[in-house]
Amino acid sequence: MATAATNWLGQSIERVEDAALLTGRGRFIDDLGVRPGTLYAAILRSPHAHAAIRAIRADAAKALPGVAAVVTGAEVRALSSSLAVGVKAPIECWPIAVDRVRYVGEPVAVAVAADRYLAEDALDLIEVDYEPLPAVIDPLAALDPASPMLHEGLRSNIASDRSFRYGDPERAFAEAARKVSVSVRYPRNSCTPIETYGLVAEYDPSEDAYDVTANFMGPFSLHPVMARALKVPGNRLRLRTPPDSGGSFGVKQGIFPYIVLIGVAARAAGRPVKWIEDRLEHLTASVSATNRVTKLDAAVDADGRIRALAYDQIEDVGAHIRAPEPATLYRMHGNLTGAYDIKNLSVRNRVVLTNKTPTGLNRGFGGPQMYYPLERLVQRIAIELSLDPVEVIRRNLVPAEAFPFETASGGLLDSGDYARAIEGAVVDGGLAELRARRDEARRQGRLYGIGFATVVEPSVSNMGYITTVLSPEERRRAGPKNGAQATATIALDPGGAVSVHVASVPQGQGHRTVAAQIVADALGLDPKNIRVIADFDSARDAWSIASGNYSSRFAAAVGGAVHLAAIRLKTRLARVAATQLNVQPGEIEFASGRVRARGNPDNALPFNRVAATSHWSPGSVPDDAQALRETVFWTAPELTPPTDADEINSSLCHGFIFDFCGVEIDRVTAAVRVDKYVTMHDCGRVLHPAMVAGQITGGFAQALGAALYEEYAYSPDGNFLAGTFADYLLPTTNEVPTPLLLRIETPSPFTPLGAKGVGEGNCMSTPVCIANAVADALGANALDLPLTPSKLAAFVHGKEKDRPSSAGTQAAKGARALHGEGETKVSASPEQVWAMLLDVDTLATIIPGAHAVEKVSDKKFRADVTIGVGPVKGRYRAEIKLSDLDPPRAVSLSGSATGALGFGSGKGRITLSPEGSGTRISYGYDAEIGGKIAAIGGRLLDGAARMIIRQFFAALARRAGRAAQSGFFARIRLLFRRRP
Amino acid sequence: MPRLSADARHRIRARINGRAIEAEAEPRMLLTDFLRHVLGLTGTHIGCEHGVCGACTVEIDGRLARACLTLAPQIEGSEIRTVEGLAPSPDRLSVLQEAFRRHHALQCGFCTAGILVSLDHYLARTPDPSESEIREFLGGHLCRCTGYVPIVAAALNAAKKLREAKPHA
Amino acid sequence: MKPARFDYVRADTLAEAHAVLAAEGENARVIAGGQTLVPMLSMRLARPKVVIDIMHIAPLAKIAEEKDAIRVGAAVRQAELLEWPALAERQPLMAMALPWVGHAQTRSRGTVCGSVAHADPSAEIPLVLLALKGEIELSSRRHKRRVAAEEFFTGLMSTACAENELIDSILIPSRRVGEGFAFREFGRRHGDFAIVACAAVAKGNSVRLGVGGVADRPVARDLLDLDGSALDDALDTLAWDLEARDDLHASASYRRALVRRLGKETIEEARRCRA
Ligand SMILES: Cc1cc2nc3c(=O)[nH]c(=O)nc-3n(C[C@@H](O)[C@H](O)[C@H](O)COP(=O)(O)OP(=O)(O)OC[C@H]3O[C@@H](n4cnc5c(N)ncnc54)[C@H](O)[C@@H]3O)c2cc1C
Ligand code: FES
Ligand code: FES
């Protein structure tokens, strides 16, 4: 067994968490029992990107047996207040739509019932009248003052616009040999965990207090935000987390509005309420990383030295500025110059609102969006100056002797030896062989490329960085914000057993194991004998706003606090033992479960005996040596607030990553295959090598997903299109190669154990590394993620030849997402067809699935229809309006249908022209389909729309006497297009 | 068999992990909910409820099945195995589970139950799989934490250990 | 994501299943492997009044060799057909395509006939059945009929199976001397529904090429005696004729490109494999 100190750290010991998880005994949120009488919630969500709510009718739902309550914006508004918003503006942010929906999936009503099945039955019975409003989806469009406004309080869709200037960027650009630029649209995606959100909330009216258990991950700076929204002081919102959580990667921060929402629902229902989010809800509306449009310019010398950078970033936070946004945009502020020594920097940061899901924490938080343009730019510099990309990187690196290095924007890079790390990767990663492989592949006519990425990975966020969004005056008024308190408690029980409590809210990262290793080393114990409790309870645990599982803060900050608490306890125990062993405290050592005199191991006591002393015999222990329980709060002095010049050390630690990879692109399918991937990390001192490796391979796989597969895609109308795991594509074993992991260690001088964060780096480095390789393979410049085969085909296959003339005409692109046209010939005359189109009875027989058609006015019809394709059927309320009547030649039709599965709306023009004794009917339409059906049926949507419209005209043709029976479909030419 | 009416609960009998069970469910209840909330077997997890993630994978009558794509009444008379039935005894892990722990093939452990059931089934029938066979087979499971590298290593190692334990099989 | 209420009938005989179908018509839904139906129930896309489980009807659980065909009953799971020892010999094209249907964990439940009944435009089994000119045997309380695959698939998730009918079995033509086969598919990830799938049967100088994933149903075309640029032109026309659509995963133009390129590869390989 191990003896001396610092023996357990650095070993990949087996995790204490695993036995339970491997045998099905984990305790995730949905595995915990609930109080008798607990009810279950289901949430009705908006099918529209933007609409006014005219009415919500929930009587039928409330009358359903088993349903206890239906909660809407009105109740929520009465029982809570708006969530605080991170910018200074008179706008509100509710956890449920109040009078208006602003994104697809926004909660509109909560049904609370005896079980989830019944709650969903209730949702089916709620009717909502929406009045659709124009939506703004593209962040650039949102800059336009004329774009549809989301929050009138802002007077535009720009929530914040700040410019920063460090050094003398104008001069650097004026003097530089060259300016190199990139423009990037970074897409929306999410590291979505396999476990969705879940929570149980209860309200106690006698104490006006909420008790919530949720798989929330922090930061607990959101605890006061939630308490304020629930209108209780913080000590009346008891927030707990379950012992296990099924991954988070930042995402489970986004549950916090639901804690408020379900808290209110529990209060309204008078019973505990449980809500487990389902996957459709999660993908559609939980939270997303921000999408960002960036223009980045570099002033470059002829030798590739970068003199200045100029960022113009337009950050899209979706429909609300939900706390802690716009933090994504500012987390990287101190390290905007990456791994490079660049003295001059200018930044313009704009935050815009669009009709999309609000954004929040996501692994890499701000890093993917920033490093993508920066490292694409470095590749462009190499290409434009005909230099080797590695050479350009080398020439710009922060030199090893410069640490701690202050960046232009105020970051303090703690430690590193970037050049040595790169050298190690180039040699041990086999860059020369990879280049030979590329040459050989190219000789054979294959598409092969190599990409590089260099990243400084920040960790342990300064809680004050977010205030960089405020002006210095606003900051002065608000009071200083800085630091990042980490906490740990170590307790000794009357048998001398050691327990550790941390508020790090692990999401699968093995915190309990590592905390035990740390304490074991400090106290000379076996980690097996140390019990670590990591489920969180805001009413009992030591915590602060920085607590939680984010910014890779565990090893560096929480682990450090655990270490400090253990050392404090050890110092006290040494004094207790010194009396008992008759030596000076300085001569006491802790090893092998014993406390002994140095140099005389026989003069020893069992650790337990010493550790129990303060319980059984406090009188024999001096007051200041009582050893029962130690709580340490630790924050680093380097985490200062932003200066008046807007300099901010946004993070305490800065790891280093250098990646390179080789990719091949298939000439037939244009699919990217990652042939080899090398990732070199310096994350300071490594506490558990296998866990570090796990963080890297796990982050790498997510980043590969972001690079090639994953996108929270919206149609131009704002309909969400990636609502299932068959649409939002996570990579599987078949897609993820095994990366080569390399490592050097330069311990952080700023953390107690020398450790830095490591969990997020590949989410920053890998997407751009792969994109650089693809660009190298294809000779492409503008490349936006995800790099789907369909996108790359343009480079691989070249431009498509036109449709052969025999194959019919091509329609113009539609203004809406779905567009089509067609024609048919019937034997009835134009006058007869015209009469049919205006006749209720005829319409009833030709509108697909119509139960009843009611003529509201001459030009307006209402119908109850069952529309479907195959087994998919839904009932809709439809409205059809006729306009621009030109009897009997042409008429415009517009209509909409709304039902539980979503909505469809469209406009079309029908033209009748005489042909022989009959009529040629031509039509064209633009349609939009939204809501659940669009989110889950994306792959089949166009086909389904086409089919239903065909049904209408086929029925019309049947009624009007089809002229040419055969070849009817063959002659219909429908062209469906989704705008890029 | 009589028609089970929609709005009543009906008795369902099956054997789960070698034990006879009898419990009630509406026809529409998914097997995931039946296992987890009626029988208390919470080891089977729910990640998507549409068959893609694999967290809910169990064995029904000797074949792998997504519990989320199975209706509770469909298991009447069946033999089911879940993650709770993999370990030889409560205080011991199976060879596969041991390999997972040794290789750090789990982080949050949420996907793990399904992957273990799948691999346990597979290795019993494919004692000497190649890495690419394992990767193809595991394509039916999503793990968001590990990047799969340690999972594949654990599976290969477990296969080897199982072969060594049964040299003449 | 929980289903709306429905009755459940576990049919032990075909007659029982037919009786419910006859009585309930479009309000009844057959459940076979459930790999497609259950998610539709959970998302409440499908809301039948009664679900009829046909997996315990013993006569439907058989794979039988007939004179020129393999008969696969409605209760035969995809994995069972894949494991059937004679498959690769009797019909290599089906053996090539089956591993592309979902994952091992879904093939173990999903049925061969369920995939045909569902008629997803990207599904492999309907495509192969069409390329091979297979047949579908339907039955109802009073009738039994056979429909050629060419007539069976009528559109997006739509087939010739009437409301009171179910698929008893499908007939997969056995390989004939001189035939060569090839199957190629491209999806975003392995195991995903195809963006484009191609199945080719070559005999002599003619080739029958089936394409899935592009039109609203699988489409097969006989390409007689074509080579070189004539073949390219025919594939180009076919690519345009399929009226590809843009969706989340691929543009129409990309789909056409794949039809041309994958189609050609598939044809060439089928020709090489003629035996
Ligand atoms: C993760 C995942 C990936 C998949 N990937 C693919 C893929 O790549 N390719 C692919 O083709 N499929 C794929 N599928 C679907 C496939 O697995 C299904 O098995 C198949 O489509 C339906 O078969 P089933 O037996 O499960 O039918 P069910 O789901 O039971 O039924 C499907 C439909 O057919 C009807 N039906 C079933 N049997 C009959 C019958 N005998 N007579 C009349 N009607 C009947 C049902 O009423 C229902 O409408 C995937 C499924 C999942 C969950
Ligand atoms: S929960 Fe069943 S496969 Fe995802
Ligand atoms: S271990 Fe967390 S999803 Fe696999």
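Proteins get letters first, then strands, A, B, ... in listed order; numbering begins at 1 in each.
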Flag side-chain contact, heavy atom, 4.5 Å: C:Leu45 against A:Ile936
yes
Should A:Pro871 and C:Met40 count as side-chain neighbours, where that means a heavy-atom distance under 4.5 Å?
yes
Would you say [X]'s side chain and [Y]'s backbone share a donor-acceptor pair under 3.5 angstrom?
X	Y	result
C:Ser251	A:Ser790	no
C:Tyr254	A:Leu792	no
A:Glu120	C:Met1	yes
C:Arg188	A:Leu729	no
C:Arg47	A:Lys873	no

Which pair of heavy atoms, one from [X] and one from [Y], lies closest together, and at what distance?
X	Y	answer
C:Leu248	A:Ala713	CD1-CB, 3.3 Å
A:Val869	C:Met157	O-CE, 3.6 Å
C:Ala4	A:Asp121	CA-OD1, 4.3 Å
A:Pro804	C:Asp236	CG-OD2, 3.6 Å
C:Trp240	A:Asp802	CZ2-C, 3.8 Å

Can you say whether C:Ser253 sits under 4.5 Å from chain A via the side chain, the backbone, both, or neither, judging by heavy atoms?
both
Contacting region of C:Leu262 [heavy-atom separation from chain A under 4.5 Å]
both
Would A:Leu118 and C:Arg5 count as a side chain to side chain contact (heavy atoms under 4.5 Å, CB included) here? Give the steps.
CA-CA 10 Å; A:Leu118 283 168; C:Arg5 281 188 167 136; 4.0 Å; yes
[X] versus chain C, heavy atoms under 4.5 Å apart: side chain, backbone, both or neither?
X	value
A:Lys791	neither
A:Asn734	side chain
A:Ile933	side chain

Starting at OH of A:Tyr709, measure out to CG of C:Asp192 and round the result to the nearest 0.5 Å.
9.5 Å
Roughly how far, to the nearest 0.5 Å, is CG of C:Asp246 from OG of A:Ser715?
12.5 Å
Check ion pair C:Glu243-A:Arg803 (N to O, under 4.0 angstrom)
yes
Do the charged groups of C:Arg260 and A:Glu800 touch, with an N to O distance under 4.0 Å?
yes
Which residues in residues 100-121 of chain C have any heavy atom closer than 4.5 Å to a heavy atom of chain A?
C:His118, C:Asp120, C:Pro121
Using the salt bridge (charged side-chain N to carboxylate O under 4.0 Å, His left out) rule, take A:Asp666 and C:Arg261 through it: C-alpha gap first, then chi angles, then the decisive distance, then the call.
CA-CA 12 Å; A:Asp666 189 289; C:Arg261 289 173 166 79; over 6 Å; no
Chain C interface, residue from A:Thr733, A:Thr732, A:Val668, A:Leu708 that has the most non-hydrogen pairs under 4.5 Å:
A:Val668
Out of A:Ala793, A:Pro789, A:Gly874, A:Gly870, which one racks up the most heavy-atom pairs below 4.5 Å with chain C?
A:Pro789
Output, in order, the C-alpha distance, side-chain angles, deciding distance and verdict of side chain to side chain contact (heavy atoms under 4.5 Å, CB included) for C:His249 and A:Thr788.
CA-CA 8 Å; C:His249 299 301; A:Thr788 63; over 6 Å; no
Among C:Arg29, C:Lys264, C:Glu26, who wins on heavy-atom pairs under 4.5 Å with chain A?
C:Arg29
What's the verdict on side chain to side chain contact (heavy atoms under 4.5 Å, CB included) for A:Leu123 and C:Arg44, showing C-alpha distance, side-chain angles and the deciding distance?
CA-CA 11 Å; A:Leu123 296 190; C:Arg44 301 195 177 204; over 6 Å; no
For C:Met43 and A:Thr724, what are the C-alpha separation, side-chain angles and deciding distance, and is it a side chain to side chain contact (heavy atoms under 4.5 Å, CB included)?
CA-CA 11 Å; C:Met43 295 172 191; A:Thr724 74; 4.1 Å; yes
